[in-house]
Amino acid sequence: MDASSQDVARALLGWYDVHARDLPWRARPGCAAPDPYRVWLSEVMLQQTTVAAVKSYFAEFVRRWPSVEALAAADEGEVMAAWAGLGYYARARNLLACAKEVAGRGGTFPADELELRALPGLGAYTAAAVAAIAFGQRAVVVDANVERVVSRLFAVAAPLPGARVAIRRHTDTITPSERAGDFAQAMMDLGATICTPRAPRCLLCPLSASCLARLHAEPEQFPVKAPKKARPQRAGKAFWIERDGAVWLVRRPGKGMLGGMRALPDDGWSARANGNGTPPLMGPWQPGGVVAHGFTHFGLDLHLAVYEGDDWSSLTASEGEWWPLDSIDDAGLPTLFAKAARLALAEAGEVG
DNA sequence: CAGACGTGGTA
DNA sequence: TTACCAAGTCT
């Protein structure tokens with residue numbers, strides 16, 4: 001590490017000592033060492049997810065499952081339901097699988113980055129982050145914040161994702177041996193509050209004197225990104241089947257879209273194709289409203305179809321369950337189907 | 001390696 | 001309203 005790299009780390013840590021965000025999963029300064037369980041849980045929740053969205057989920061998870069052993073013993077359906085609304089549901093499946101692995105080794109997370117990387121749901125970023133934040137290891141932590149800060153600091157002209165190798169090399173250069181966890185969190189706090197995607201607050205930035213983007217061009221021009229592909233628009237149906245104050249819910253297959261989540265029956269829509277219109281039982285159906293929902297890789301117009309018949313005999317318990325409408329909020333429906341349920345209940349309310 | 005994989009907030 | 005963006009991982 002040359003002198004200027006040390007200057008960057010020193011300036012950033014000095015700024016962090018004053019301006020660190022107070023977040024629920026962070027150890028208070030001067031208090032006990034961070035709890036690896038809380039660090040890991042928060043890092044998984046924060047993957048592609050905002051701090052604001054994570055806070056209430058983190059509080060509820062640590063309340064219900066205060067330790068990795070407690071989480072490892074949890075019912076999978078309850079974990080999936082507790083994750084409902086947070087998105088990227090493979091994270092919840094991997095979370096439980098990881099908890100079981102860690103519980104199997106005595107409830108102790110490995111402190112080594114490579115061993116962490118081998119656990120379910122821990123990729124390059126999360127393994128480095130947990131090694132640094134929970135265990136104080138020097139690890140090169142690169143997330144979207146760090147990519148933005150570093151691409152500006154060094155005016156990296158190559159577009160993402162190809163520039164990742166160069167950005168990682170630059171990050172390695174400025175990462176200190178001491179306080180590696182604070183350094184990583186400081187980079188992320190800087191990216192979240194000062195070195196923002198739009199209108200960065202360079203006048204408040206502790207690194208502005210070293211920033212090549214600020215020197216040569218507009219900082220907003222970094223990071224350079226490859227153009228994005230168009231997002232297809234799809235249409236499909238969700239089926240609302242009500243009986244004696246309960247609605248028929250199914251469990252989606254373990255993998256793929258909304259995998260493992262409780263759901264309304266649907267007609268097979270996907271990112272690739274519209275639904276085929278096939279309902280889960282024969283009989284009279286009435287069209288309901290439409291829910292517009294945006295996924296990362298496609299948009300969906302979900303058309304609600306309401307069953308108006310009185311023969312439910314073809315619905316078997318192995319395929320689904322009757323869920324009481326007065327506790328529909330506890331069903332653990334992902335947001336798309338929670339919206340659809342809200343719409344169905346609102347329409348029923350208007351009629352009745 | 002490019003695509004699959006959620007959702008809510010912001011401009 | 002559309003588009004982009006957020007502490008990525010897996011295949």
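Convention: sequence-line order gives letters A, B, ...; per-chain numbering from 1.
Distances shorter than 4.0 Å separate some side-chain N or O of A:R148 from OP1 or OP2 on C:dA6. Contact annotation: A:K228 reaches the phosphate of C:dC5 (side-chain N/O to OP1 or OP2, under 4.0 Å). Under 4.0 angstrom from either OP1 or OP2 of B:dG3 there lies no side-chain N or O belonging to A:H297. Phosphate contact (OP1/OP2 of B:dA4, side-chain N/O of A:Y88, threshold under 4.0 Å): absent. Between C:dA6 and A:Q48, no contact under 4.0 Å exists linking OP1 or OP2 to a side-chain N or O.
With P as the reference atom, B:dG3 and C:dC4 are 16 Å apart, rounded to whole Å. Between C:dT9 and B:dG8, the distance separating the two P atoms is 22 Å to the nearest Å. With both ends at atom P, the span from C:dA6 to B:dC5 equals 22 Å, rounded to whole Å.
As a whole-Å value, the separation of A:R164 CZ from B:dC1 C1' is 12 Å. In this entry the distance linking CZ of A:F337 with P of B:dG6 reads 11 Å, nearest Å. A straight line from CE of A:M257 to C1' of C:dC10 spans 16 Å, rounded to a whole angstrom. Put simply, CE on A:M45 is 16 Å from P on C:dT9, counting in whole angstrom units. Counting to the nearest Å, the P atom of B:dG6 and the CH2 atom of A:W83 are 12 Å from each other. Look at CZ on A:F298: it is 7 Å from P on B:dC5, rounded to the nearest Å. Atom pair A:L336:CG and B:dG6:P shows a separation of 11 Å (rounding to whole Å applied).
Comparing A:D143 and A:K255, the nucleotide of DNA chain C nearest to each residue sits closer to the 5' end for A:D143.
For A:W285 and A:Y307, the distance between ring centers is under 6.0 angstrom.
Nearest nucleotide to the side chain of A:P197, out of C:dG8, B:dG6, C:dC5: C:dC5. Set against C:dG8, B:dT7, C:dC5, the side chain of A:Q47 has C:dG8 as its closest nucleotide. For A:A144, whose side chain is taken as the heavy atoms from C-beta onward, the closest listed nucleotide among B:dC5, C:dA6, B:dG6 is C:dA6. Nearest nucleotide to the side chain of A:N94, out of C:dC5, B:dT7, C:dC10: C:dC10. Distance from the side chain of A:K229 is smallest to B:dA2 among B:dG6, B:dA2, C:dC5.
Checked against ring-ring contact (aromatic ring centres under 6.0 Å, His included), A:W323 has no partners two or more places apart in sequence or in another chain. Residues passing the salt bridge (charged side-chain N to carboxylate O under 4.0 Å, His left out) test with A:D244: none are found, sequence neighbours excluded. Here A:H303 pairs with nothing under the ring-ring contact (aromatic ring centres under 6.0 Å, His included) rule; sequence neighbours left out. Taking A:F154 as the reference, A:H170 meet the ring-ring contact (aromatic ring centres under 6.0 Å, His included) condition, with sequence neighbours excluded. Applying the ring-ring contact (aromatic ring centres under 6.0 Å, His included) criterion to A:H216, with sequence neighbours excluded, gives no partner residue.
Counting heavy-atom neighbours within 6.0 Å of A:R105 CZ, excluding the residue itself, gives a total above 12.
Heavy atoms of A:W40 sit nowhere under 4.0 angstrom from any nucleic acid atom. Nucleic acid contact for A:R21: base, since at least one base atom lies under 4.0 Å from a heavy atom of the residue. Here A:G294 lies in heavy-atom contact (under 4.0 Å) with a base. Among the protein residues, A:P334 comes within range of the sugar-phosphate backbone only, with heavy atoms under 4.0 Å from sugar or phosphate atoms but none that close to a base.
Ring planes of A:F295 and A:H293: perpendicular class, angle over 60° (limits at 30 and 60°).
Counting distance only, with no hydrogens placed and no angle test, the side-chain atoms of A:T49 and the base atoms of B:dG6 include a donor-acceptor pair under 3.5 Å.
Within residues 125-138 of chain A, the residues approaching DNA chain C are A:Y125, A:T126, by heavy-atom distance under 4.0 Å.
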Restricting both atoms to N or O, compile the protein contacts to nucleotides 8-11 of chain B shorter than 3.5 Å, with distance only.
residue	atom	partner	partner atom	Å
B:dG8	OP1	A:T335	OG1	3.4

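The heavy-atom pair separating A:C202 from A:P219 by the smallest distance is SG-CG, 3.9 Å.
Judged as a side chain to side chain donor-acceptor pair (under 3.5 Å), the pairs with a partner in residues 261-271 of chain A (not counting sequence neighbours) are, in order, A:R252-A:D266, A:R262-A:E321. Judged as a side chain to side chain donor-acceptor pair (under 3.5 Å), not a single pair has a partner in residues 196-214 of chain A (not counting sequence neighbours).
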